[in-house]
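Okay, so here's the structure we're looking at.
Whatever order the structure lists them in is the order used to number ligands and atoms, beginning at 1. Keep in mind that the numbers below use all heavy atoms, side chains included, and drop hydrogens, waters and symmetry copies.
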Amino acid sequence: VATATAQPSTSLDDLFITVKTTRGFHHTRLDLILKTWFTLARQQTWFFTDVEDEEYQRKTGGHLINTNCSASHNRRALCCKMAAEFDAFLQSDKRWWCHFDDDNYVNVGQLVTTLADYDPLHDWYLGKPSIRAPLEIINRDNVSQRISFWFATGGAGFCISRSLALKMMPIAGGGKFISVGEKIRLPDDVTMGYIIEHLLRKKLTVVDEFHSHLEPMRLLNTDSLDRQVSFSYSQYGTEMNVLPLDGLDPRLDPTRLLSLHCKLFPNFSYCSA
Ligand code: UDP
Ligand code: MN
């Protein structure tokens, strides 16, 4: 009897979620993640920081990784953390790696639903560019040439299938990601695009439901928040770039992420306050 062998469906446990953070943001940013979406993916989410921190080691259930990378916002330090995230994924047995910044809210269920549309045995680089055209840079191997490629903005999050990660391994594994970043002298998310699109000739697949604070959060349709994968927030001077949500008092919830979490999951204790 001929039977169709169904592709095993994607579940949360197929994911390895990494969050880049730094010592100065444990209190201000990790607390918000720990109160909200981390509760839905405690086993799958790991935080990559630059210091030992007993309090947050405990709060994350032992999921805080000290990369020993420098605690500064320079290219080398950021590539060092991305390298640690990538290598940790390679050492895991998970089908998908998803990177986020510590100012992201991840809609965990929708992330899993989104990934279910793609086969992790194929090569997938999923995310969202923050620029309208591919990035054009000088080819450092031949400065008379220009090369162009797309990259997924790190601040919106991106996901890479195991199949693709294995192809990246000879170029970027074992800390080599840092050397690639040094060579092209560009940020970690750009380096990722360079490796995947330029060196490996694999295409970024744009997933519009990833959002960074480079987009105006007020323009997101609040009726479709449950279908979005990631959100963010930021402050430029006194101007806040946040979701236009009713909900908790802005003094308690300046980023609106608690209110977002309450809209998606009304049963959390602080939601009825
Ligand atoms: N970050 C870091 N080290 C630093 C500064 C920032 O690892 O010295 C991380 C931070 O935790 C976040 C990401 O880099 O996950 C982006 O930082 P931020 O949101 O402050 O800046 P942006 O690039 O979004 O303006
Ligand atoms: Mn940010």
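By the 4.0 Å N-to-carboxylate-O rule, R162 lies too far from D93 to be salt-bridged with it. A salt bridge does not link D50 with R23: none of the charged nitrogens is closer than 4.0 Å to a carboxylate oxygen. Using a 4.0 Å cut-off between a side-chain N of Lys or Arg and a carboxylate O of Asp or Glu, D246 and K263 do not qualify as a salt bridge. We find that E182 and R76 are joined by a salt bridge, their nearest charged nitrogen and carboxylate oxygen being less than 4.0 Å apart. Using a 4.0 Å cut-off between charged nitrogen and carboxylate oxygen, E197 and R201 do not count as a salt-bridge pair.
Residue contact check: S72 has heavy atoms under 4.0 Å from atoms 3 (N), 4 (C), 8 (O) of ligand 1. Listed by number with element, the atoms of ligand 1 under 4.0 angstrom from any heavy atom of K81 are 2 (C), 3 (N), 7 (O). Close approach of ligand 1 to D103 (heavy-atom distance below 4.0 Å) involves ligand atoms 19 (O).
A donor-acceptor pair under 3.5 Å is absent between the side-chain atoms of E215 and the main chain of M217, judged by distance alone.
If you check which protein heavy atom lies closest to atom 17 (O) of ligand 1, you get H73 CE1, 3.8 Å. Scanning the protein heavy atoms around atom 16 (C) of ligand 1, the nearest turns out to be D101 OD2, 3.5 Å. From the protein, the heavy atom lying nearest to atom 15 (O) of ligand 1 is K20 O, 2.7 Å. Atom 25 (O) of ligand 1 has H213 CE1, 3.9 Å as its closest protein atom, hydrogens excluded (heavy atom only). In this structure, the protein non-hydrogen atom closest to atom 18 (P) of ligand 1 is R29 NH1, 3.6 Å. Nearest non-hydrogen protein atom to atom 12 (C) of ligand 1 is D102 OD1, 3.2 Å.
With F89 as the aromatic partner, K94 does not meet the cation-pi criteria of under 6.0 angstrom to the ring centre and within 45 degrees of the ring axis.
With a 4.0 Å cut-off on non-hydrogen atoms, L78 touches ligand 1 through its side chain and not its backbone.
Looking at D103, its N, O or S atom nearest to the Mn ion (ligand 2) turns out to be OD2.
Considering V207, D117, L204 in turn, V207 is the only one that fulfils the side-chain contact (heavy atoms from CB on, under 4.5 Å) rule with L126.
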